[in-house]
Amino acid sequence: MADSLSETTPDESGRMDTTPIDLGHIEVLQVLDEQGHVDESRDPGLSDAELLAVHRAMVLTRAFDSRMLTMQRQGEMGTFAPNLGQEACMVGQVWELTKQDWFSPSYRSFGAQIQRGWPMERLFLLWAGYHEGFPPPEGVNDMPFSIVIGSHVLPAVGIAMGIRRRKDNHAVVVNFGDGAMSQGAVSEAMNFAMVDQAPVVFVCENNGWAISTPSKLQFATEHLAGRGTGFGLPSIRVDGNDILGMIVAMREATRRAREGEGPTFVEALTYRLSLHTTADDPKVYRDDSDMEPWQDRCPLARMEKFLQRRGLLTSEAAAAVTAECEAEVLEAREKFRKIAKARPREVFNHLYRSTPAELDAQREEYLRRLDRKGVD
Ligand SMILES: Cc1ncc(C[n+]2csc(CCOP(=O)(O)OP(=O)(O)O)c2C)c(N)n1
Ligand SMILES: [Mg+2]
């Protein structure tokens with residue numbers, strides 16, 4: 001105590017040092033640059049087969065995203081939040097997790113969910129509103145995605161606190177957007193996690209926008225990672241469009257969690273190149289020119305340049321991977337179509353364990369109406 005006080009005692013002239021503390025600069029971790037050059041000193045050392053698998057996972061995310069958009073525009077899919085431009089974040093944050101690790105996502109996470117083993121037909125069902133789409137794959141510790149901004153972050157810390165008490169060595173990964181940083185509960189979660197040394201990794205996908213609110217209208221700091229350090233939380237700022245950088249950051253953060261070194265905050269810098277959701281029109285609040293620098297930072301193009309330079313991928317092979325992924329997505333759509341039949345008689349199901357009397361009456365009336373109209 002005396003030591004820390006002595007730093008702020010007056011000097012000989014009797015004046016206190018009132019120089020404000022400078023937050024300084026937090027470096028951005030990058031392994032693959034925009035031209036696809038790798039920083040050998042930080043290379044996570046994936047095998048050739050793993051590098052190709054990582055690339056394929058990002059291509060699959062993009063193919064799924066693009067098909068979902070077409071289906072939504074044709075009336076076959078509900079509202080959803082596109083992943084375009086964020087493929088490296090999606091795949092990288094879960095790439096090295098085990099099934100027993102926990103993943104608690106926000107709504108813009110289907111790229112990560114595919115990687116966690118969710119069959120794509122199930123994700124189609126989910127976003128089309130069918131209850132069959134909601135259960136996670138067998139044995140995979142995934143939470144339902146959260147739409148209420150930041151609401152899932154404290155519960156994720158709770159899971160991690162439980163893991164620590166059970167002396168289990170699994171990690172919890174919880175992701176959210178830059179917008180969630182303005183929710184008090186997210187700050188509370190970081191604070192509690194640090195005090196408890198809970199094995200959780202907070203992944204903030206800083207994609208520049210919270211719907212129509214640009215970062216500069218939401219926070220005045222250069223970096224969100226500084227919020228983490230403010231809670232004493234080890235924090236990493238990573239280029240979120242660099243898949244190898246994401247893997248390195250997550251490897252360190254999950255290692256810390258597993259080895260009892262507590263939580264880590266990962267701020268992944270990325271950019272939403274598409275709509276906020278399919279109910280949004282970004283043309284009313286941003287210029288297309290805003291996106292140009294980020295198109296040049298495309299996570300997929302960068303990985304392809306790197307793989308080509310390594311002699312692992314040719315343009316023809318890259319085109320073949322895209323075609324394969326598109327075919328896989330179409331196959332999943334066929335499976336989805338076989339299950340996705342409107343079932344109007346079920347609209348009151350799955351709401352309550354025992355339906356309140358008022359809703360029961362509404363259900364009766366509604367079913368009588370369907371009978372009158374001859375609807376199955
Ligand atoms: C508590 C709460 N307030 C408002 C909303 C409406 N809303 C939906 S998405 C969103 C923006 C979130 O932005 P961000 O956290 O950056 O995530 P992104 O969509 O960019 O992935 C808002 C305000 C909500 N879902 N929940
Ligand atoms: Mg955002």
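Because the structure is a prediction, the values reported are computed rather than measured. Both counts, for ligands and for their atoms, begin at 1 and track the order of listing.
Ligand-side atoms of ligand 1 in range of H276: 9 (S), 19 (O), range being under 4.0 angstrom from any heavy atom. Of all atoms in ligand 1, listed by their number and element, those nearer than 4.0 Å to a heavy atom of A180 are 15 (O). Per-residue contacts place I147 under 4.0 angstrom from the following atoms of ligand 1 (heavy atoms of the residue considered): 24 (C), 25 (N), 26 (N). Those atoms of ligand 1 that come under 4.0 Å of a heavy atom in V148, given as number and element, are 1 (C), 26 (N). Interface atoms of ligand 1 facing N207, defined by a heavy-atom separation under 4.0 Å, are 18 (P), 20 (O), 21 (O).
Looking from atom 14 (P) of ligand 1 to the surrounding protein, the closest heavy atom is G179 N, 3.3 Å. When only non-hydrogen protein atoms are considered, atom 1 (C) of ligand 1 lies nearest to Q183 NE2, 3.2 Å. Annotation: atom 3 (N) of ligand 1 to nearest protein heavy atom, I149 CG1, 4.3 Å. The protein heavy-atom contact nearest to atom 22 (C) of ligand 1 is I211 CD1, 3.6 Å.
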Start with the C-alpha gap between H55 and E304, add the side-chain angles, then the distance that decides, and say whether side-chain hydrogen bond (donor to acceptor under 3.5 Å, both in side chains) holds.
CA-CA 8 Å; H55 166 255; E304 287 180 1; 2.8 Å; yes
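For atom 24 (C) of ligand 1, the nearest protein heavy atom lies closer than 4.0 Å.
Taking 4.0 Å as the cut-off between side-chain N and carboxylate O, R368 and D371 do not count as a salt-bridged pair.
One side chain, S146 or S151, offers a donor N or O that lies under 3.5 Å from an acceptor on the other. Counted by atom type alone, T277 and D280 present zero donor-acceptor pairs between their side chains at under 3.5 Å. Looking at W209 and D178, their side chains never bring a donor and an acceptor atom within 3.5 Å of each other. When only modelled atom types and interatomic distance are considered, R227 and S187 share no side-chain donor-acceptor pair under 3.5 Å.
When non-hydrogen atoms are compared, ligand 1 lies under 4.0 Å from the side chain of Y107 (C-beta onward) but not from its backbone. For E205, no heavy-atom contact with ligand 1 is shorter than 4.0 Å. If you look at R272 next to ligand 1, there are no close heavy atoms at all, none under 4.0 Å.
Other residues, nucleotides and ligands contribute only 12 or fewer heavy atoms inside 6.0 Å of the NZ atom of K99. At most 12 non-hydrogen atoms from other residues, nucleotides or ligands lie less than 6.0 angstrom from CZ of R369.
Atom CD of E346 sits about 9.5 Å away from atom OH of Y130, to the nearest 0.5 Å. Between R122 atom CZ and F336 atom CZ the span is 14.5 Å, to the nearest 0.5 Å.
Contact between W209 and ligand 1 is present, with at least one heavy atom of the residue lying under 4.0 Å from the ligand. Heavy atoms of R108 approach ligand 1 to within less than 4.0 angstrom.
You'll find the ring centres of F265 and F231 outside the 6.0 Å limit.
Between F80 and F110, the ring planes lie tilted relative to each other; the angle falls in the 30° to 60° range.
Of all protein N/O/S atoms, those under 2.8 Å from the Mg ion (ligand 2) are D178 OD1, N207 OD1, W209 O, and waters are not counted.
Both tests hold for R297 against W294: distance to the six-membered ring centre under 6.0 Å, angle to the ring axis within 45°.
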